[in-house]
Amino acid sequence: MCGIVGYIGKKQAAPVLIGALKRLEYRGYDSAGIAVNSGKKINVVKTKGKLNVLAEKIEGGNAVKGTTAIGHTRWATHGKPSDINAHPHTSGSGRIAVVHNGIIENYIELKDFLIKKGYRFISETDTEVIAHLADFYYKGDLLKMTARLTQTLKGSYALEIISQDKPDEIAAVKKDSPLIIGLGDGENFIASDIPAVLPYTRNVYIIEDYEIALIKREGVALYNTELEHINKEVFYVNWNVSAAEKGGYEHFMIKEIMEEPQAILNTVSQMVGQGMMKIDKIPDKINIVACGSSYNVGVAGKYIIEQIAKIPVEVDTASEYRYRDALLTKNTLVVVISQSGETADTLAALRESKRRGAETLSIVNVIGSTIAREADRVLYTLAGPEISVATTKAYSTQLAAVYMLALSLAKAEGKLSPELEKYYGEELFKLPSLINKILEQKDKIKDLASKYFKAKNVFFIGRGIDYALSLEGALKLKEISYIHSEAYPAGELKHGPISLIEDGTLVVALATQEKLFEKTLNNIKEVKSRGAVVLSIVEEENTQIEECSDDVFYLPKTNKMFTSSLAATILQLFAYYVANLNGNDVDQPRNLAKSVTVE
Ligand code: AGP
């Protein structure tokens, strides 16, 4: 995610902002910049690369004078990392400067409108639209102009805006993206997150959606979009910096699980908002190639794409695919999935596919990463930076991206009527609120973990896409709790694995697929009769499963196609709490790296 900061006070602003941006580096970024209001003009310095590149350009901040400024670290979503695409963005005249964290969904229509009004765009970003729109609305009153922006912009944003003719003011507003204001003595600070301001103040305002702040040296005034004054409690921050970087959560992993609703909303919005992916050539076969959790998404993708688009799908781990001389037809689409976009085996598999002339599509989270750049096409998951080694929000957004790919393929084949496209789009937009319902029950999952965290062997079973989710449940548990966990198709147990079931063996059974429910129920009874302890995950109202389960977690009702993906959040939380109860280093598990860039 991008990081935004702002300062107005007695100090030279640039050095203060460089330090504040450094304390937001953990959010991940690829470029940085600041805009300083000298009282006569706004000086903007911005550059691709890390903060030290920016700091060098402005001699640590001493080369740009002024005590009012805004700053930004960019996590690219629209447009590659570059000097031009870095924030702040200014209006044509340079009199307005803006920094932004979020995604403007209606930026294309706004850009067309502004071009017709004579504005000239130089970047590929959605944010530049905000700068010109602000200029278009600005009549000398920053507050009114900001209120006007909230009536027009759609999507997510945390904004800071300065104007050349207002050296003693900064305006700020947010919707869906985080924003806080640090309250000082004769100076005030703005940031995406608390760590940025901690060295100066522990008194902050936590800004809510559509609250507009007008920040001056002598104080901060808050308004609603009708420009009526708002009073707000000051929040005293008693966290240390490390806790603050995790937003007050104990670990990045739980913070990232809690971010899943917004991550999925961002990912789905870019697709549904801008129309399904354009498929020029319909493949006669699809090979999905990935590693680890991304491979597990590929296994789910086989069920999803074959069911929705009726195109045969093969799934390989990249380390196997790259050496097995896979049979590619002349019209095979190779889909590589990777959170980091740098996994060596997956990159090698991509290059091997291209060498053999296959069309390639990547599903990647890190914008501008090697795999994203080298594939013929890329579908970005907009999960934001994922710090914890065990993937959670990226996995969940990859699943959403596979659904969107399947729907795009079906549409290209003429199998998706406008009504069905609308219906599935609406169902995808329901996922964030359904995941929130699961997150609201995280204490129930924590209780389940406290019951089972001493397990020595765990089986995850399921049929159909539930089997694919079982793979991820087993991987998540083993990689952070170090408990031996295996996933099996539920119907496969009787062909050997069931010999391992003995009194007390924990079996996590996913039975979310209506048409396979009875079959899975029989498999659960098989293991139960051999002494297993069973934790079942089913759709609400399937209460008959209680007779052969020790614990049941009920999923909220949704389109049956997406039910299984809701189970991912439960499995991630379960693994997190089990690992935590075992005292493991949840964010940095032994032997693992966030991105495996070696063979
Ligand atoms: C997932 O929790 C693991 N950290 C690991 O399996 C990971 O999914 C795998 O290394 C692939 O990484 P990628 O998605 O960045 O390519």
Side-chain angles (χ1 to χ4, degrees), residues 28 251-257 259-260 263 267 288-301 315-322 334-351 353 360-375 378-402 460 468-483 485-487 568-569 571-576 578-579 584-599:
H251 299 102
F252 280 111
M253 184 174 175
I254 186 68
K255 173 175 178 278
E256 286 154 8
I257 292 172
E259 288 169 350
E260 282 182 1
T267 302
I288 301 179
V289 186
C291 300
S293 291
S294 297
Y295 166 78
N296 294 340
V297 169
V299 177
V315 192
D316 283 273
T317 56
S319 53
E320 282 299 302
Y321 173 86
R322 55 187 293 202
V334 175
V335 176
V336 292
I337 304 175
S338 176
Q339 185 288 128
S340 61
E342 301 299 342
T343 300
D345 282 324
T346 309
L347 177 57
L350 170 64
R351 288 173 174 164
S353 303
T360 58
L361 164 71
S362 65
I363 296 177
V364 175
N365 192 46
V366 179
I367 313 276
S369 54
T370 308
I371 290 173
R373 280 182 287 107
E374 294 195 11
V378 57
L379 173 55
Y380 281 120
T381 51
L382 299 179
E386 196 175 59
I387 313 295
S388 186
V389 165
T391 183
T392 51
K393 61 175 182 173
Y395 170 89
S396 298
T397 55
Q398 285 171 344
L399 267 186
V402 166
F460 289 77
L469 269 289
S470 299
L471 285 169
E472 182 56 12
L475 176 61
K476 217 47 356 93
L477 187 64
K478 75 179 84 166
E479 68 175 331
I480 61 174
S481 72
Y482 316 146
I483 294 172
S485 319
E486 292 192 65
T569 305
L571 298 170
Q572 292 160 358
L573 285 169
F574 182 73
Y576 169 73
V578 167
N584 293 359
D585 179 350
V586 172
D587 282 333
Q588 303 289 337
R590 67 188 183 198
N591 312 334
L592 296 182
K594 182 60 185 169
S595 177
V596 184
T597 53
V598 293
E599 269 206 49

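Indexing begins at 1, ligand by ligand and atom by atom, following the structure's order. The figures here come from the full heavy-atom set of this structure, side chains too, leaving out hydrogens, waters and symmetry mates.
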- request: Show your reasoning for whether side-chain hydrogen bond (donor to acceptor under 3.5 Å, both in side chains) applies to Ser293 and Lys476.
  value: CA-CA 8 Å; Ser293 291; Lys476 217 47 356 93; 3.2 Å; yes
message: Let's go through Tyr321 and Ser353 carefully: what are the C-alpha distance in whole Å and the side-chain angles of both, what is the deciding distance for side-chain hydrogen bond (donor to acceptor under 3.5 Å, both in side chains) to 0.1 Å, and is it a yes or a no?
response: CA-CA 10 Å; Tyr321 173 86; Ser353 303; 2.8 Å; yes
- prompt: Would Asp587 and Ile387 count as a side-chain contact (heavy atoms from CB on, under 4.5 Å) if you check the C-alpha gap in whole Å, the side-chain angles of each, and the deciding distance to 0.1 Å?
  reply: CA-CA 8 Å; Asp587 282 333; Ile387 313 295; over 6 Å; no
- request: Could you check Leu573 against Ile257 for side-chain contact (heavy atoms from CB on, under 4.5 Å), going step by step and ending with a plain yes or no?
  value: CA-CA 8 Å; Leu573 285 169; Ile257 292 172; 3.7 Å; yes
- request: Look at atom 10 (O) of ligand 1 and say which protein heavy atom is nearest, naming residue and atom and giving the distance to 0.1 Å.
  value: Val596 CG2, 4.0 Å
Nearest neighbour in protein (non-hydrogen) for atom 4 (N) of ligand 1: Val389 O, 2.9 Å
message: Under 4.0 Å, counting heavy atoms only: does Glu342 come that close to any atom of ligand 1?
response: no
query: Nearest protein heavy atom to atom 11 (C) of ligand 1, by residue and atom, and its distance?
result: Cys291 O, 3.4 Å
query: Among protein heavy atoms, which lies nearest atom 2 (O) of ligand 1, and at what distance?
result: Glu479 OE2, 2.5 Å
Atoms in ligand 1 with a heavy atom of Ala390 nearer than 4.0 Å: 2 (O)
query: Between Thr391 and ligand 1, which part of the residue brings a heavy atom under 4.0 Å of the ligand: side chain, backbone, both or neither?
result: both
query: Which ligand 1 atoms, with their elements, are less than 4.0 angstrom from a heavy-atom of Lys476?
result: 1 (C), 2 (O)
query: For atom 12 (O) of ligand 1, what is the nearest protein heavy atom, given as residue, atom name and distance?
result: Thr343 OG1, 3.5 Å
- request: Go through Ser369 and Glu342 one step at a time and tell me if the side-chain hydrogen bond (donor to acceptor under 3.5 Å, both in side chains) criterion holds.
  value: CA-CA 6 Å; Ser369 54; Glu342 301 299 342; 4.6 Å; no
- request: Select the closest option to atom 1 (C) of ligand 1 among Ala344, Gly341, Ser293, Ser338, judged by heavy-atom distance.
  value: Ser293
query: Under 4.0 Å from any heavy atom of Ser294, which atoms of ligand 1 are there?
result: 8 (O), 13 (P), 14 (O)
task: For Gln339, take its heavy atoms, then give the atoms of ligand 1 lying under 4.0 Å from any of them.
output: 13 (P), 14 (O), 15 (O), 16 (O)
query: So does Asp585 pair up with Arg590, basic N to acidic O under 4.0 Å?
result: no
- prompt: Atom OG of Ser338 and atom CD1 of Ile363: how far apart are they, to the nearest 0.5 Å?
  reply: 11.0 Å
Carboxylate-amine/guanidinium proximity below 4.0 Å for Glu260 and Lys393: no
